[in-house]
Amino acid sequence: MTKFDYDLFVIGGGSGGVRAARLAAGLGKKVAIAEEHRFGGTCVIRGCVPKKLFVYASQYQEHFEDARGYGWSVGETSFDWPTLVANKDREIDRLEGLYRHGLENAGAEIIASRAELTGPNSLLIKATGQEVTARHILVAVGGRPNPHASLPGHELCIHSNEVFYLKELPKAIAIAGGGYIAVEFANIFHGLGVDTTLIYRGQEILSRFDMDMRRGLHKEMEAKGIRILCHEVFSKIERGPDGRLIAHTNNGKALIADQVMLALGRDPNTKGLGLEAAGVETGQKGEILVDEYSRTNVESIYAVGDVTNRVELTPVAIHESMCLIDTLYRDNPTSPDHELIATAVFSQPEIGTVGLSEDEAAKRYDELEIYRAEFRPMKATLSGRQEKMIMKLVVNAEDRKVIGAHILGHDAGELAQILGIVLKAGCTKDDFDRTMAVHPTASEELVTMYKPSYRVKNGERV
């Protein structure tokens with residue numbers, strides 16, 4: 001039997017790679033994990049975690065306003081961007097330390113270097129020039145922001161990587177994109193007092209979400225003062241004589257901003273990884289092609305997470321890694337389950353969703369029942385805020401199974417996690433109807449919508 005330096009070599013220290021390395025090492029396997037930057041990957045270092053901290057920071061302006069309606073006298077308030085950034089950095093350092101500690105405790109070898117494939121079972125450690133071998137190799141290098149290099153002046157723009165490290169809070173920002181990253185940062189910057197414009201080429205923001213959620217959020221964002229320009233794209237970015245940026249659009253607009261942020265999708269981070277040398281096949285975007293068990297066309301090489309361009313969510317990468325460890329080392333071949341994944345957009349208000357949108361469901365099922373409630377939440381009554389919540393259930397009329405649940409409103413992400421369990425369990429609308437309401441809550445609407453708001457038959461509302 002061929003002797004290898006390692007049983008498992010993991011390239012990439014993000015959530016997926018770290019989970020796989022830690023679990024394999026905990027099972028007694030000889031494991032190495034290589035990371036050229038910081039452990040934690042996009043989510044912990046420059047994604048979900050710092051973004052959520054920024055979301056919290058951006059909400060306090062409304063909290064202070066709402067407090068008056070409940071009898072609180074709030075004095076003069078001010079916001080200090082450097083303090084937020086420094087406190088965020090401290091928390092990220094703590095979390096990275098936990099990732100490293102977990103790997104060390106499990107017995108995995110940490111390699112602070114870029115690693116590149118040189119063959120089906122071999123890798124080059126760039127920092128030392130050493131070549132090592134492994135029985136199995138896992139590629140978990142994630143993705144990177146699309147630089148939109150065809151845009152004149154793109155080098156003047158920032159992306160989601162740099163936004164967490166700005167030295168100054170801009171007075172005005174223009175953001176290109178209509179996905180969750182663009183929408184979330186538009187809400188963050190507006191909440192921090194920045195003049196914010198969101199520009200999107202499509203008809204409506206958040207193209208993969210239910211239309212009621214998309215339109216409802218669009219309306220609330222504009223009511224707050226965020227400018228949203230649909231059917232437009234940036235045609236050129238240039239620096240003006242005063243040092244500020246001028247973002248020109250295809251429709252002749254010229255937006256003046258201190259920062260221009262491009263949130264135009266992400267690409268698999270496979271450039272220069274040595275995939276060709278190892279014979280690993282990739283797709284159109286450079287993503288690593290894998291089978292249902294996360295194996296590439298090369299028997300010894302696997303890939304999980306964003307680098308495969310399957311579902312670009314941190315919990316999915318972790319789930320795929322856990323399935324891989326079951327497959328490789330627990331004699332339990334397990335295929336990742338990518339169905340009914342609950343997700344959230346941490347906008348203001350939030351969107352929480354699981355299952356099919358109404359439009360998607362109408363393509364798959366002959367007849368639907370749609371249950372929809374739009375209301376002003378109780379918390380807004382004394383504050384005077386006019387913001388509305390929307391709750392929506394999409395039901396297959398034939399068997400009454402709930403196939404989609406969508407919420408727009410505060411804490412929608414928390415509700416989506418619970419609804420994810422409910423839909424995964426295959427609950428029907430009758431199960432919802434039999435469930436007693438918790439009063440007074442916003443979520444009681446989910447179990448008190450007894451009659452359909454309307455039906456959809458053969459794709460048409462009836």
Practice problem: Please report the C-alpha distance between E204 and H218 in whole Å, then the side-chain angles of each, then the deciding distance to 0.1 Å, and finally whether the side chain to side chain donor-acceptor pair (under 3.5 Å) criterion is met. | Solution: CA-CA 8 Å; E204 186 57 274; H218 186 145; 2.6 Å; yes

Quiz item: So E320 and R310, salt bridge (charged side-chain N to carboxylate O under 4.0 Å, His left out) or not? Walk me through it.
Solution: CA-CA 10 Å; E320 290 169 354; R310 287 181 285 185; 3.2 Å; yes

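- In terms of the side chain to side chain contact (heavy atoms under 4.5 Å, CB included) criterion, residue partners of T197 (sequence neighbours excluded) are, by chain and number, R227, L229, L255.
- When side chains are defined from C-beta on, I110 counts as touching F39, because their heavy atoms get closer than 4.5 Å.
- Counted within 6.0 Å of CD on E155, heavy atoms from surrounding residues, nucleotides or ligands total more than 12; the atom is thus considered enclosed.
- Checking side-chain atoms of H159 against main-chain N and O of A263 turns up no donor-acceptor pair under 3.5 Å.
- Between Y60 and F64, the angle of the ring planes lies from 30° to 60°, which puts this pair in the tilted group.
- Residues meeting the salt bridge (charged side-chain N to carboxylate O under 4.0 Å, His left out) test with E162, sequence neighbours left out: none.
- Using a distance-only test at 3.5 Å, with no hydrogens or angles considered, no donor-acceptor pair links the side chain of W72 to the main chain of D66.
- Counting only heavy atoms from C-beta outward, the side chains of R372 and D212 approach each other to under 4.5 Å.
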Show me the side-chain donor-acceptor pairs of residues 169-186 shorter than 3.5 Å, one per line, residues at least two apart or across chains.
| from | atom 1 | to | atom 2 | distance (Å) |
| --- | --- | --- | --- | --- |
| E184 | OE1 | K51 | NZ | 3.0 |
| E184 | OE2 | K51 | NZ | 3.3 |
| E184 | OE2 | F346 | N | 2.7 |

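- R214 and S207 are not linked by any side-chain donor-acceptor pair at a separation below 3.5 angstrom, with hydrogens and angles left out of the test.
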For residues 139-149, run the donor-acceptor check on the side chains, cut-off 3.5 Å, and write out each pair with its distance to 0.1 Å, sequence neighbours left out.
| from | atom 1 | to | atom 2 | distance (Å) |
| --- | --- | --- | --- | --- |
| R144 | NH1 | P268 | O | 2.8 |
| N146 | OD1 | H148 | N | 2.8 |

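- Without hydrogens or angle criteria, S58 side chain to G191 main chain gives no donor-acceptor distance under 3.5 Å.
- When the shell of 6.0 Å around CZ of F375 is examined, it contains more than 12 heavy atoms from other residues, nucleotides or ligands.
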Contacts table for residues 403-415: side-chain donor-acceptor under 3.5 angstrom, sequence neighbours left out:
| from | atom 1 | to | atom 2 | distance (Å) |
| --- | --- | --- | --- | --- |
| H406 | ND1 | T353 | OG1 | 2.5 |
| H406 | NE2 | L356 | O | 2.8 |
| H410 | NE2 | E387 | OE2 | 3.2 |

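- Counting only distance, with no hydrogens or angles, the side chain of K236 and the backbone of A247 share no donor-acceptor pair below 3.5 Å.
- Between H338 and V316, some side-chain heavy-atom pair lies under the 4.5 Å cut-off.
- When each of L138, I111, L123, V307 is checked for a side-chain contact (heavy atoms from CB on, under 4.5 Å) with I11, only L123 meets the rule.
- For Y70 (side chain) and K379 (main-chain N/O), a donor-acceptor pair under 3.5 Å exists by modelled atom type.
- In terms of the side chain to side chain donor-acceptor pair (under 3.5 Å) criterion, residue partners of S357 (sequence neighbours excluded) are, by chain and number, E360.
- Although no hydrogens or angles enter the test, the distance criterion places a donor-acceptor pair under 3.5 Å between the side chain of E220 and the main chain of K388.
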Quiz item: Do E65 and R385 pass the salt bridge (charged side-chain N to carboxylate O under 4.0 Å, His left out) test, and can you show the C-alpha distance, the side-chain angles, and the key distance before you say yes or no?
Solution: CA-CA 9 Å; E65 293 173 355; R385 194 166 296 281; 2.9 Å; yes

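- Every residue two or more places apart in sequence or in another chain that forms a salt bridge (charged side-chain N to carboxylate O under 4.0 Å, His left out) with D93 is listed here: R38.
- When all heavy atoms are compared, the tightest approach of G202 to C230 is O-CB, 3.3 Å.
- Partners of L289 by side chain to side chain contact (heavy atoms under 4.5 Å, CB included), not counting sequence neighbours, listed by chain and number: E281, E287.
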Quiz prompt | Step-by-step salt bridge (charged side-chain N to carboxylate O under 4.0 Å, His left out) determination, E91 to R94 | solution = CA-CA 5 Å; E91 174 62 8; R94 184 186 73 85; 2.8 Å; yes

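- Listed here is the closest heavy atom pair of I125 and A115: CD1-CB, 4.3 Å.
- Test Q348, H190, E62 against K224 for side-chain hydrogen bond (donor to acceptor under 3.5 Å, both in side chains) and you get one pass: E62.
- D5 and T133 share a donor-acceptor pair across their side chains, judged by distance under 3.5 Å alone.
- Nearest heavy-atom pair, I301 versus P120, reported as atom, atom and distance to 0.1 Å: CG1-O, 3.6 Å.
- Listed by chain and residue number, E358 satisfy the salt bridge (charged side-chain N to carboxylate O under 4.0 Å, His left out) test with R461 (two or more places apart in sequence, or in another chain).
- Residues H231 and Q203 meet the side-chain proximity criterion, which asks for heavy atoms closer than 4.5 Å.
- Salt bridge annotation for K424-E339: absent, with no cationic side-chain nitrogen under 4.0 angstrom from a carboxylate oxygen.
- Under the 3.5 Å distance criterion, the side-chain polar atoms of S113 are matched with a main-chain donor or acceptor of A127.
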Self-check item: Stepwise side chain to side chain donor-acceptor pair (under 3.5 Å) check, R295 with S300
Solution: CA-CA 8 Å; R295 175 180 279 171; S300 56; over 6 Å; no

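- Side-chain N or O atoms of T308 include none that pairs as donor or acceptor with a backbone N or O of A303 at under 3.5 Å.
- Side chains of I158 and L166 form a contact here, defined as non-hydrogen atoms less than 4.5 Å apart.
- Side-chain contact between M213 and L206 is absent, with no heavy atoms from C-beta onward closer than 4.5 Å.
- Applying the salt bridge (charged side-chain N to carboxylate O under 4.0 Å, His left out) rule to R239 yields no partners; only residues at least two apart in sequence or on another chain are considered.
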Donor-acceptor list for residues 98-108 side chains, cut-off 3.5 Å, not counting sequence neighbours:
| from | atom 1 | to | atom 2 | distance (Å) |
| --- | --- | --- | --- | --- |
| Y99 | OH | S15 | OG | 3.2 |
| H101 | NE2 | N105 | ND2 | 3.0 |

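- In this structure, K285 contributes its side chain and R266 its backbone to a donor-acceptor pair below 3.5 Å.
- Distance alone, capped at 3.5 Å, is enough to place a donor-acceptor pair between the T270 side chain and the G286 backbone.
- Counting only residues at least two apart or in different chains, salt bridge (charged side-chain N to carboxylate O under 4.0 Å, His left out) contacts with residues 243-254 comprise E232-K253, R244-D258.
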